[in-house]
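First comes the structure, then the notes that go with it.
It should be emphasised that the depicted structure is a prediction, and the values quoted were computed from it without experimental measurement. Side-chain atoms are counted along with the backbone in the values below, which use heavy atoms only and exclude waters and symmetry mates.
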Amino acid sequence: MGTAAASGGYYIATKSKKIFAQPTTLTGSIGVFLIKFDATNFAKSYGIHSDYHPRGSHSAATSPFAPLTPAMKDNLTRISLSFYNYFKKIVADSRSLSVEQVENLAQGRVWTGEQAKEIGLVDELGGLDRAMMYAKSTFTKSDNVSVEYWPKNTFSLEDLPRMLLSGSKCTSPWSAFQSLFSEETNFDRLCIEVGLNTLMVSAQDKPYFLLAMDEKTAVDLIVMGE
């Protein structure tokens, strides 16, 4: 487990032969909740009308234009409790604990990796290197094994100058850097910004690398493509 592996992250890890976590990993959060989005009053205030033809008493439960009824609330509660009980059972089976013991550790509580080890939700403290050492010694006949990392990272720092300058009027990374401090340069026309936009276009098949001037620019590039 890395920085965080709580709830769904712990759900995935719980069937492992051995669970490793960093001392400060945020994990646990054994719990389930459902959200019903009710936009009926909002839609009504703006004159928005919706029509639907349900084929069951709860088939419109996920529609934002269907109000939350007592029967619908009871059904959603039953569903969440069913998932919660299943979650607790697989944790109990995997960690050699009783369901009652898991209940005392669950209820959505979040634990650090160090705490999780003390209460039996984690086997060892350590990161990826320790987990790989364990896998090599347990599941291979020799330490002479190769490790593959996924997803494949095809980006190289050697590609950065070319990607930044592609389609830009800058002639070198240094000129792009200098333009940032030019009082006569309109920020919106900075060649470095042009380079960044070009970078995003060129790196669409490399979604694990994002370079942007600030957080707002990054969000705009990802969400709106601008």
Side-chain angles (χ1 to χ4, degrees), residues 1-37 61-62 73-157 203 205-212 214-215 218-219 221-223:
M1 296 178 177
T3 305
S7 194
Y10 188 75
Y11 178 90
I12 294 172
T14 191
K15 283 286 188 179
S16 303
K17 294 290 185 181
K18 184 169 287 193
I19 299 177
F20 291 82
Q22 300 284 10
T24 56
T25 295
L26 296 181
T27 188
S29 188
I30 301 169
V32 176
F33 67 90
L34 298 178
I35 296 176
K36 162 62 180 170
F37 182 55
T62 58
K73 182 177 180 180
D74 290 342
N75 186 55
L76 292 174
T77 300
R78 284 194 297 269
I79 293 173
S80 61
L81 285 176
S82 177
F83 279 121
Y84 180 48
N85 290 331
Y86 174 73
F87 195 169
K88 290 189 295 183
K89 186 178 185 306
I90 65 169
V91 172
D93 293 344
S94 301
R95 307 304 303 168
S96 300
L97 299 170
S98 67
V99 174
E100 291 74 20
Q101 288 175 307
V102 174
E103 173 65 16
N104 292 330
L105 306 175
Q107 303 177 45
R109 294 187 182 94
V110 176
W111 309 92
T112 65
E114 192 168 16
Q115 291 172 328
K117 184 178 184 299
E118 293 175 358
I119 61 179
L121 295 180
V122 164
D123 296 297
E124 299 287 346
L125 294 180
L128 185 59
D129 289 341
R130 287 205 62 186
M132 289 192 298
M133 288 173 60
Y134 165 76
K136 287 180 181 179
S137 62
T138 306
F139 302 108
T140 65
K141 297 180 180 180
S142 170
D143 285 340
N144 186 23
V145 295
S146 60
V147 178
E148 290 194 10
Y149 294 86
W150 293 86
K152 295 291 187 181
N153 184 5
T154 58
F155 174 77
S156 170
L157 287 178
D205 59 336
K206 302 172 183 177
Y208 304 101
F209 179 82
L210 172 63
L211 180 62
D214 52 48
E215 183 179 6
V219 173
L221 287 170
I222 294 172
V223 177

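- At distances below 3.5 Å, not a single donor-acceptor pair connects side-chain atoms of Arg95 with backbone N or O atoms of Lys15.
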Test side chain to side chain contact (heavy atoms under 4.5 Å, CB included) on Thr24 and Thr112 and set out the steps. CA-CA 5 Å; Thr24 56; Thr112 65; 5.9 Å; no

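- The two residues Glu124 and Val122 make their nearest non-hydrogen contact at O-CG1, 3.4 Å.
- Rounded to the nearest 0.5 angstrom, Leu121 CG and Ile30 CD1 are separated by 5.0 Å.
- Atom CE of Met133 is surrounded by 12 or fewer heavy atoms from other residues, nucleotides or ligands within 6.0 Å.
- The structure places NZ of Lys18 at 7.0 Å from OG1 of Thr138, a figure rounded to the nearest 0.5 Å.
- From Leu128, atom CG reaches atom CE of Met1 across 13.5 Å, with rounding to the nearest 0.5 Å.
- Using a distance-only test at 3.5 Å, with no hydrogens or angles considered, a donor-acceptor pair links the side chain of Thr27 to the main chain of Ala5.
- Lys117 places no side-chain N or O within 3.5 Å of a backbone atom of Leu125 that could act as its donor or acceptor partner.
- Smallest separation of non-hydrogen atoms from Ser7 and Gly31: OG-O, 3.8 Å.
- A donor-acceptor distance shorter than 3.5 angstrom exists from the side chain of Trp111 to the backbone of Leu105, with no hydrogens or angles considered.
- With hydrogens and angles ignored, the 3.5 Å screen pairs no side-chain donor or acceptor of Ser16 with any backbone N or O of Ile19.
- The aromatic rings of Tyr134 and Phe139 lie perpendicular to each other, with more than 60° between the two planes, well past the 30° mark.
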Exercise answer: donor-acceptor pairs, residues 74-90 side-chain atoms, under 3.5 Å, sequence neighbours excluded:
unit_1 : atom_1 : unit_2 : atom_2 : d
Asn75  : OD1    : Arg78  : NH2    : 3.3
Thr77  : OG1    : Lys73  : O      : 2.8
Ser80  : OG     : Leu76  : O      : 3.3
Ser80  : OG     : Thr77  : O      : 2.9
Tyr84  : OH     : Glu103 : OE1    : 2.9
Tyr84  : OH     : Gln107 : N      : 3.0
Asn85  : ND2    : Leu81  : O      : 3.1
Lys88  : NZ     : Glu103 : OE1    : 2.8
Lys89  : NZ     : Asp93  : OD2    : 3.0

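- Not a single donor-acceptor pair under 3.5 Å links the side chain of Thr14 to the backbone N or O of Tyr11.
- Residues that satisfy the side-chain contact (heavy atoms from CB on, under 4.5 Å) test with Leu26, not counting sequence neighbours, are Ala4, Val110.
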